[in-house]
Protein chains: 4
Amino acid sequence: MAEYNQKRKDILTSARSLFREKGFHNTKIEEIAAKAGVGKGTVYEYFTSKQEIFDETCIDKVAVIHDSLEEINSRNISFREKIEEMLSMKETNTEFAEASVDGVMTNKNIISKKVVLAMMNHVDDMYKIIVKMIDQGKEEGSVSKDVSSELIACLIVGASGEFVRFRHLNGRTVPMDKKTIINLLFNGFGVK
Amino acid sequence: MAEYNQKRKDILTSARSLFREKGFHNTKIEEIAAKAGVGKGTVYEYFTSKQEIFDETCIDKVAVIHDSLEEINSRNISFREKIEEMLSMKETNTEFAEASVDGVMTNKNIISKKVVLAMMNHVDDMYKIIVKMIDQGKEEGSVSKDVSSELIACLIVGASGEFVRFRHLNGRTVPMDKKTIINLLFNGFGVK
Amino acid sequence: MAEYNQKRKDILTSARSLFREKGFHNTKIEEIAAKAGVGKGTVYEYFTSKQEIFDETCIDKVAVIHDSLEEINSRNISFREKIEEMLSMKETNTEFAEASVDGVMTNKNIISKKVVLAMMNHVDDMYKIIVKMIDQGKEEGSVSKDVSSELIACLIVGASGEFVRFRHLNGRTVPMDKKTIINLLFNGFGVK
Amino acid sequence: MAEYNQKRKDILTSARSLFREKGFHNTKIEEIAAKAGVGKGTVYEYFTSKQEIFDETCIDKVAVIHDSLEEINSRNISFREKIEEMLSMKETNTEFAEASVDGVMTNKNIISKKVVLAMMNHVDDMYKIIVKMIDQGKEEGSVSKDVSSELIACLIVGASGEFVRFRHLNGRTVPMDKKTIINLLFNGFGVK
DNA sequence: TATGAATGAGCGTTCATTCAT
DNA sequence: GATGAATGAACGCTCATTCAT
């Protein structure tokens with residue numbers, strides 16, 4: 001049974017990396033099987049279809065981020081520090097962009113409706129966690145109470161996603177240290 | 001000749017909307033033809049392959065945004081007003097998200113290398129225009145000279161993209177009026 | 001009317017050379033039209049189908065050879081000289097091989113049944129002319145009366161066809177002057 | 001593994017007979033599969049393309065003849081007997097004509113360049129074997145040393161090919177017993 | 001009459017899925 | 001359970017033929 005779960009995980013891991021690298025339609029079941037070190041037929045002992053595998057990797061992606069967020073949020077640190085942690089997480093994790101709203105949209109045509117809904121719920125949850133963090137900031141007095149927390153969450157997610165993508169795009173390097181980014185988010189780019 | 005160009009455009013329009021709706025691999029040439037009101041073979045009088053059609057819709061997408069940005073930037077208005085215009089543009093134009101960095105990344109596996117490069121150059125150009133706007137803001141004294149213009153551009157693109165996506169995602173509605181968003185970008189969410 | 005026939009001939013000439021060069025299935029109507037200097041649609045004013053064009057070029061091929069043979073046979077010269085003429089004809093005319101029995105067999109799958117029959121009749125006729133020549137040789141006392149004229153005809157046609165093909169195959173050059181070949185046919189390769 | 005080779009052979013056999021019967025372009029992969037008793041997709045488990053199948057049947061054809069010739073030549077019999085054997089072989093083997101020079105020329109437009117070259121080399125080899133036989137005849141004193149062995153080879157191949165074709169062409173029957181043919185080749189049709 | 005843009009039947013090939021071993 | 005050989009539905013693309021101009 002432990003072995004069963006392990007093999008299942010192997011297949012998902014293999015699939016996830018191939019899907020990311022080549023996209024859904026350019027990834028063949030045979031490749032997933034080979035990379036997972038099993039036979040093609042074996043894949044179908046663990047999953048009923050390629051679709052199901054994809055669905056699951058999508059949900060996984062969101063879940064991974066969700067868990068990280070939960071974990072960060074549960075720490076006994078300030079809002080500012082939590083944001084900093086989030087940025088670190090995102091910086092090393094390409095999956096962040098994919099897991100956020102645009103990940104859902106990008107794959108809308110590939111994932112099954114059911115899973116789109118599930119992902120959207122997950123994204124909702126993630127937004128809720130971030131909103132909680134922001135509310136903590138408001139309580140701590142570091143975040144302005146004049147702006148809706150959801151809007152702020154949107155800003156954080158979108159901006160940090162673009163930072164990641166920007167950096168990944170063709171190895172272009174812009175000086176983007178965390179401190180600067182956080183200052184930018186907190187203070188905006190306007191002259192005071 | 002005029003008719004030739006018109007039919008070509010019809011096919012591209014049909015293709016663009018189907019690609020957006022169903023993705024590249026789920027869109028059949030036959031559907032593109034039907035929606036454009038022509039026969040399957042006719043498509044190949046205007047394009048040499050499905051790939052070529054896709055490539056062209058991608059470049060188009062970027063070009064459309066690029067032109068809008070150029071146009072906005074050429075107006076004799078303040079930086080703040082330009083940003084406002086950009087947000088309006090984006091708000092009505094789903095293509096914005098697709099045209100920015102993540103549009104390139106999303107389709108990396110589908111578009112031909114050549115076109116990925118072309119798109120990246122376009123994206124570069126777009127960033128350059130936005131950077132110019134920001135520099136105008138710096139000159140006008142409304143934008144802080146302490147932050148790199150590229151970083152600010154990244155913030156604007158990412159955030160506004162996420163706003164669009166967020167809104168489009170399953171009709172969820174958050175109060176996001178332009179003034180609020182612009183204030184958020186200029187002043188951040190930190191307490192002053 | 002004269003113009004009509006001329007254009008028809010142009011198309012056939014164009015088709016014949018393309019069919020020879022690239023084969024039936026690799027030759028497109030568009031190419032035939034272009035090489036004949038007419039529009040694609042025009043071809044169908046003169047022929048009802050690609051098949052018909054091919055059929056006609058096949059019959060033509062045989063007819064051309066048939067006419068040459070008739071002409072040679074009608075001359076007031078000896079059998080030996082006639083053979084010599086035939087070899088000259090063949091040497092400069094690739095169509096010979098194609099027009100003989102193996103030309104029919106090669107194209108059996110492409111030409112319509114009706115035309116296969118027509119060609120076979122033509123080939124029959126050609127054989128009859130050659131048989132007549134041989135009979136002349138028998139009368140002249142230069143050809144042995146012990147061998148069936150048809151068998152001899154077969155020898156002449158087959159051998160000279162292979163000489164042509166052999167020479168055309170990849171520009172290989174073997175010394176094959178007419179005198180030697182004719183001696184070989186008359187006397188065989190056996191030691192006397 | 002034995003089964004693999006068997007199925008591969010089945011497909012080749014099916015293809016060969018269909019190609020012969022209907023030509024390359026009129027033979028559908030589906031037919032080849034059906035005749036071989038397998039599914040369409042299975043064909044592609046054994047070959048990468050229709051072209052490859054065709055190429056292989058072509059090379060096979062030449063190889064079969066090549067082997068027969070080698071075998072005949074290796075026997076401890078006189079040149080005259082070897083020729084007799086060759087004629088017998090050809091009489092039962094339609095592939096002979098296809099395997100000789102004109103087989104290569106006929107399919108020049110269909111086979112891949114690479115395989116045309118390979119076939120031409122095979123044909124070269126076949127000619128070399130026949131030349132060896134002829135040289136044996138010269139040594140035995142039955143073949144005239146005054147004629148180039150290559151020319152004689154050409155005569156033998158061409159003539160015997162035409163005999164085969166002539167006979168196969170629509171069931172026409174001419175009295176062509178081996179002895180007569182061999183006498184014709186050795187002594188020619190001239191009066192001594 | 002001449003044209004070439006439009007057409008769609010037809011085919012080679014791919015690949016997710018099945019099932020006998 | 002594990003496998004991979006076998007399968008056939010599905011789709012991109014070609015090109016002979018048609019027909020409006």
Side-chain angles (χ1 to χ4, degrees), chain A residues 1 3-4 7 24-34 36-54, chain B residues 1 3-4 7-8 11 24-34 36-54, chain C residues 3-4 7 11 24-34 36-54, chain D residues 1 3-4 7-8 11 24-34 36-54:
Chain A
M1 194 55 193
E3 200 201 336
Y4 177 90
K7 209 164 265 187
F24 179 75
H25 289 285
N26 296 318
T27 299
K28 294 171 219 152
I29 289 287
E30 196 155 14
E31 296 172 315
I32 295 175
V38 300
K40 205 187 340 175
T42 308
V43 171
Y44 285 86
E45 297 290 326
Y46 293 85
F47 301 90
T48 65
S49 68
K50 186 185 180 186
Q51 185 65 69
E52 195 193 40
I53 301 176
F54 188 72
Chain B
M1 194 54 193
E3 202 198 335
Y4 176 90
K7 205 161 270 185
R8 199 169 194 284
I11 294 171
F24 179 75
H25 290 285
N26 296 318
T27 299
K28 287 168 256 187
I29 288 288
E30 203 156 9
E31 294 172 317
I32 295 175
V38 300
K40 195 176 13 157
T42 306
V43 172
Y44 287 89
E45 296 283 327
Y46 295 84
F47 301 92
T48 64
S49 67
K50 188 185 180 185
Q51 185 65 68
E52 195 194 40
I53 301 176
F54 188 72
Chain C
E3 201 200 335
Y4 177 88
K7 209 164 266 187
I11 294 171
F24 179 75
H25 288 285
N26 295 319
T27 299
K28 292 172 217 149
I29 287 288
E30 197 156 11
E31 296 172 314
I32 295 176
V38 300
K40 205 188 339 176
T42 307
V43 171
Y44 285 86
E45 297 289 326
Y46 294 85
F47 301 91
T48 65
S49 69
K50 188 185 180 186
Q51 185 65 68
E52 196 193 40
I53 301 176
F54 188 72
Chain D
M1 194 54 193
E3 202 198 336
Y4 176 89
K7 204 160 269 185
R8 200 169 192 285
I11 294 171
F24 179 75
H25 289 285
N26 296 317
T27 299
K28 286 168 257 187
I29 288 288
E30 202 157 9
E31 295 173 316
I32 295 175
V38 300
K40 194 170 18 151
T42 307
V43 171
Y44 287 87
E45 295 283 326
Y46 294 85
F47 300 92
T48 64
S49 68
K50 188 184 180 186
Q51 185 66 67
E52 194 194 40
I53 301 177
F54 187 73

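The figures here come from the full heavy-atom set of this structure, side chains too, leaving out hydrogens, waters and symmetry mates. Remember, predicted model here, so these are calculated numbers, not experimental data. Letters go in sequence order (proteins before strands), and every chain restarts at 1.
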Of all heavy-atom pairs linking C:T27 and C:K50, the shortest is O-NZ, 2.9 Å

Expected list for residues 41-50 of chain B near DNA chain E, using heavy atoms below 4.0 Å, is B:G41, B:T42, B:E45, B:Y46

note: C:F24, atom CZ; F:dC15, atom P; distance rounded to Å ~ 12 Å

Ranking B:K28 and D:G37 by the position along DNA chain F of their nearest nucleotide, the one closer to 5' is D:G37

- [ ] Remember a base hit wins even if backbone is also touched, and classify D:K40 as base, sugar-phosphate or nothing at under 4.0 Å, heavy atoms.
- [x] base

For A:E52 and A:F47 the tightest heavy-atom approach is OE1-CA, 3.1 Å

Separation of F:dG12 atom C1' from B:H25 atom NE2, nearest Å, is 13 Å

In the 5' to 3' direction, the nucleotides of DNA chain E bounding the stretch that comes under 4.0 Å of a heavy atom in chain C are E:dA2 to E:dA6

Heavy atoms of C:E31 and C:N26 approach each other most closely as OE1-O, 3.6 Å

Pairing string of DNA chain F (Watson-Crick or G-U wobble, both atom distances under 3.5 Å; | = paired to other strand) is .||||||||||||||||||||

Problem set entry | Aromatic plane relationship, C:H25 with D:H25 - under 30° parallel, 30 to 60° tilted, over 60° perpendicular | tilted

When every non-hydrogen atom of D:A33 is compared with those of D:V43, the smallest separation belongs to CB-CG2, 3.7 Å

In whole angstroms, the gap separating P of F:dG4 from NZ of D:K7 amounts to 16 Å

Here the distance between atom C1' of F:dA10 and atom CD of D:E30, to the nearest Å, is 13 Å

dist D:R8:CZ -> D:I53:CD1 (nearest 0.5 Å) comes out at 9.0 Å

Atom CD1 of D:I32 and atom C1' of F:dT7 are separated, to the nearest Å, by 17 Å

When every non-hydrogen atom of C:I29 is compared with those of C:K40, the smallest separation belongs to CG2-CG, 3.8 Å

When rounded to whole Å, the CG to P distance for the pair B:N26 and F:dC11 reads 9 Å

Review point. Does atom CD of C:E30 have more than 12 heavy-atom neighbours, drawn from other residues, nucleotides or ligands, at distances under 6.0 Å?
Key: no

